[in-house]
Amino acid sequence: MELDLSPKLAKKVYGGDGGSYFAWSPSELPMLREGNIGAAKLALEKNGFALPRYSDSAKVAYVLQGHGVAGIVLPESEEKVLEIKKGDAIALPFGVVTWWYNKKDTELVVLFLGDTSKAHKTGEFTDFFLTGSNGIFAGFSTEFVSRAWDLDENLVKTLVGKQSGNGIVKLDEKFKIPEPKKKDREGMALNCEEAPLDVDIEKGGRVVVLNTNNLPLVGEVGLGADLVRLDGSAMCSPGFSCDSALQVTYIVRGSGRVQVVGVDGHRVLETTVKAGNLFIVPRFFVVSKIAAPDGMEWFSIITTPNPIFTHLAGRTSVWKALSPQVLEAAFNVDSNTENSFRSKRTSDAIFFPPPS
């Protein structure tokens, strides 16, 4: 069966005055189901509050826009209240309860990418809300809630029925949300726009890799991630994940061209991607990107916490490792042609500046 790898935009699932929740559906992006991957976005207006919830999937959250506050409760732990801003990546293992709040005029937008292999629906996140019209409290009878928390039944009715919102609500301007604590960010969040660069190629691009070294919680999530910024008209070398990982890519800014080559040398995707698009590269398929003149930025998760990639161009590419005789036989060319091929791209770059 031919895979549909074409990039897609998210669609609104629910929302109101406080903001909206968007998700990518596996019915429109089949690789979500094939790869057991979920993808969603939370967009909060000023004073928007995403009610406390937990999910059936481990995730990586990435702040695409704005400033805000996030509350995170790891199992058997105290609440951590983090100030979050554009560029922050946060690992969210199973069993984590979170809430999100935007106190600024600028919309707060958070991307969620994660593993749905243990989810109720393959390729989709299911959130379980603690409060609200669809919350856990609303599902239990008054008697059960009263006995479990040793509360008067009238108080229980108030607790269960007072919050009529669903998922996202808008708080009063004067409401005081807990103040974030600087120490709570330690080990919980990494700002990819401020972190040390793993790759920095002049007029080419820059990469920050999220792994167990700089954010240990990704080990519990089982995912790695990276933020890639490609300069105008620069190229990302053709490469593939050599440890059986899927690449799930969200275009943060700009636009560019993408080609993916799969089994039997078939080009399975050739398209132009733009900000807001999500696409998935299957295991072992080779992908390459060329940015438009205004550049391109993307955030990706890789379905292993410490991914390994093989690049097919540059000094450290597999072609440079193969002996000349093998390349002559493999391409069926003479030694002069083989030497011309080998002598190009002698740098270690995985990003190539545009032709001068």
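FYI, side chains are in, hydrogens and waters are out, and symmetry mates aren't considered; it's all heavy atoms of this structure.
- Ring centers of Phe279 and Trp24: at least 6.0 Å apart, outside the cut-off.
- Between Tyr54 and Trp99, the ring center distance fails the sub-6.0 Å criterion.
- When side chains are defined from C-beta on, Ser20 does not count as touching Leu44, because their heavy atoms never get closer than 4.5 Å.
- Using modelled atom types, one side-chain atom of Asp334 and one backbone atom of Asn336 make a donor-acceptor pair closer than 3.5 Å.
- Ion pairing of Glu173 with Lys46 is present here, as a side-chain N (NZ or NE/NH1/NH2) and a carboxylate O approach within less than 4.0 Å.
- Listed for the Asp88 side chain is a donor-acceptor partner under 3.5 Å among the backbone atoms of Lys85.
- Residues Phe285 and Val261 form no side-chain contact, since every pair of their non-hydrogen atoms from C-beta on lies 4.5 Å or further apart.
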Worksheet item: Run the side chain to side chain contact (heavy atoms under 4.5 Å, CB included) check on Val145 and Thr142 step by step: do they pass?
Response: CA-CA 5 Å; Val145 176; Thr142 303; 6.0 Å; no
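- Considering only heavy atoms from C-beta on, Leu246 comes within 4.5 Å of Ile280 through its side chain.
- Counting non-hydrogen atoms of other residues, nucleotides and ligands closer than 6.0 Å to CG of Asp17 gives a total of 12 or fewer.
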Item to complete: Would you check, one step at a time, whether the test side chain to side chain contact (heavy atoms under 4.5 Å, CB included) holds for Leu42 with Phe112?
Response: CA-CA 8 Å; Leu42 175 68; Phe112 299 96; 3.7 Å; yes
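- A donor-acceptor contact under 3.5 angstrom links the side chains of Thr249 and Ser300, judged on distance only.
- Using a 4.5 Å heavy-atom threshold, the side chains of Met188 and Lys183 count as separate.
- Taking the centre of each ring, Phe299 and Tyr62 come in below the 6.0 Å mark.
- Side-chain atoms of Ser6 and Lys8 form a donor-acceptor pair, as typed in the model, at a separation below 3.5 Å.
- A salt bridge is absent between Glu83 and Lys182; no separation between the charged side-chain nitrogens and carboxylate oxygens falls under 4.0 Å.
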